[in-house]
Amino acid sequence: MKLCKRVLTLTSAAASLLVISCGTTSSVTEAHTSSEEVQQETVVESSESTAQETIASSDYDLYKNKIDGLSLKLVSAPKPTSKGRAFPSPFSIKVTKSVDGTPAENVELTVLYPVSKKDDLVQYGESKITSNANGTANFTPPVPKIAVNDIVSIFPAGDMSNEDIAAAAKLSGVTAAYQVRTNLLQSGGCIALVDFAQNGTPITSNSLSSSNLLTEMMKKGFVRVGNIDFTKEVVSGSKDKVYASAKPMIGTSSAYLIYGTVKYDQVITQIDGGYTCTLVGDITCLNMKDGSVLYHTVKTASATDTKDWNVLPKARAELAKQIADAVYYGL
């Protein structure tokens, strides 16, 4: 019964032959059936594949034709804000017709903007805006709940699950800085970084990296910040040990503790024209209320100089700037 049922998709003549053969059961008939079915299925699959490709191509062509007739320009972007405070003004976009520069009305645009973050991995939210009679479209983000230094992307709306459309959208869209600083500038904090020597051993006193970071953070507006020493606990790599030692010493006088290690990724090496080295800072920021991790990042900095004794200080200074900037937009 199964064989007779499957051949209903074939021609009536072939179907009649196969119905008769079902009563006599022949290995030759089964072979013929298999061949016909394969041909029929191949034709159907090929037809469906072609249809899908045509649809996909058509969707892309329609989108491409739409954006080729439009021009997007960033008119204005708001100044940076701080976590928990609204941006002072919206992001403003001007949409015009490419052919004559006149305003393009009722053009739907997609906006992607940061909404959450885990360390340095940013997640984005999506919003839709539409251009008015003047070709202007404005986007006012929700009050930011995170500190972040990233971008807003604005482009003509379309099916972004289509890779070709998504690529075209990226080329036709505009971006703007989306900067939200920490709200802990006035809260006070401590710094405990441990430098490592070229041989891989920790330097147990006078952390130059801690001093450099303190200077850079003060330049950015952090107040009530100072250095503290937890060398053994920091080197252990245990967050719990660091917090247990820091809590009795810091108490409630500081809102956060920045601790971590600064190691060589490349020791001081002679190159053409001078010397170079690379440092890696593995940094964690703890909430002193409960010991939870507020932020974690890994930064790398390199430096070169004609004098070998200048290379390390330059690399430390560059790394401190990177870490201070990351904390400014990360806490």
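Along the sequence shown, residues are numbered consecutively beginning with 1.
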Peer 1: Which residue pairs pass the salt bridge (Lys or Arg N to Asp or Glu O under 4.0 Å) test with at least one member in residues 129-138, sequence neighbours excluded?
Peer 2: none
Peer 1: Output side-chain donor-acceptor pairs under 3.5 Å for residues 277-294, partner residues at least two apart or in another chain, one line each.
Peer 2:
| from | atom 1 | to | atom 2 | distance (Å) |
| --- | --- | --- | --- | --- |
| Thr278 | OG1 | Ser302 | OG | 2.7 |
| Asp282 | OD1 | His296 | NE2 | 2.7 |
| Asn287 | OD1 | Lys289 | N | 2.9 |
| Asp290 | OD1 | Ser292 | N | 3.0 |
| Asp290 | OD1 | Ser292 | OG | 2.7 |

Peer 1: For the residue pair Glu108 and Thr130, what are the closest heavy atoms and their distance?
Peer 2: CA-OG1, 4.3 Å
Peer 1: Mind listing the closest non-hydrogen atom pair of Ala246 and Leu257 along with its distance?
Peer 2: CB-CD2, 3.8 Å
Peer 1: Is there a donor-acceptor contact under 3.5 Å linking the side chains of Tyr63 and Asn162?
Peer 2: no
Peer 1: Quick check on Asp100: does its CG atom have over 12 non-hydrogen neighbours (other residues, nucleotides or ligands) under 6.0 Å away?
Peer 2: yes
Peer 1: Side chains of Ser238 and Asp240: donor-acceptor distance under 3.5 Å anywhere?
Peer 2: no
Peer 1: Say whether, by atom type as modelled, one donor and one acceptor occur between the side chain of Ser172 and the main chain of Ala169 under 3.5 angstrom.
Peer 2: yes
Peer 1: With the threshold set at 4.0 Å, does a side-chain nitrogen-carboxylate oxygen contact exist between Lys219 and Glu216?
Peer 2: yes
Peer 1: Just wondering, are more than 12 heavy atoms of other shown residues or ligands nearer than 6.0 Å to NZ in Lys97?
Peer 2: no
Peer 1: What distance separates Lys170 NZ from Met160 CE, expressed to the nearest 0.5 Å?
Peer 2: 12.5 Å
Peer 1: Please verify the inter-ring angle class for Tyr113 with Tyr178; under 30° counts as parallel, over 60° as perpendicular, anything in between as tilted.
Peer 2: tilted
Peer 1: Work out which heavy atom in Ser82 is nearest to a heavy atom in Pro144; give both atom names and the distance.
Peer 2: O-CG, 4.1 Å
Peer 1: Restricting to non-hydrogen atoms, name the atom on Lys83 and the atom on Val180 that form the minimum distance, rounded to 0.1 Å.
Peer 2: N-CG1, 3.3 Å
Peer 1: To check you understand the geometry: which heavy-atom pair defines the closest contact between Leu109 and Leu72, and what is its length?
Peer 2: CD2-CD2, 4.0 Å
Peer 1: For Pro90 and Pro78, which heavy atoms make the closest approach, and how far apart are they?
Peer 2: O-CD, 3.7 Å
Peer 1: How far does CG of Leu214 sit from OG of Ser209, to the nearest 0.5 angstrom?
Peer 2: 12.5 Å
Peer 1: Do Val152 and Thr175 have side chains that approach each other closer than 4.5 Å (heavy atoms only, starting at C-beta)?
Peer 2: no
Peer 1: Other residues, nucleotides and ligands only: do more than 12 of their heavy atoms fall within 6.0 Å of NZ on Lys241?
Peer 2: no
Peer 1: Report yes or no: does Gln198 contribute a side-chain atom to a donor-acceptor pair with the main-chain N or O of Tyr264 at less than 3.5 Å?
Peer 2: no
Peer 1: How many angstroms lie between atom CD1 of Ile250 and atom OH of Tyr243, to the nearest 0.5 angstrom?
Peer 2: 9.5 Å
Peer 1: Please check if the number of heavy atoms outside Lys128 that lie under 6.0 Å from its NZ is greater than 12.
Peer 2: yes
Peer 1: Does Lys117, at its NZ atom, have more than 12 non-hydrogen atoms belonging to other residues, nucleotides or ligands within less than 6.0 Å?
Peer 2: yes
Peer 1: Can you tell me how far NZ of Lys263 sits from OG1 of Thr201, rounded to the nearest 0.5 angstrom?
Peer 2: 11.0 Å
Peer 1: Can a donor-acceptor pair be found, under 3.5 Å and without considering hydrogens, that links the side chain of Ser210 to the backbone of Leu193?
Peer 2: yes
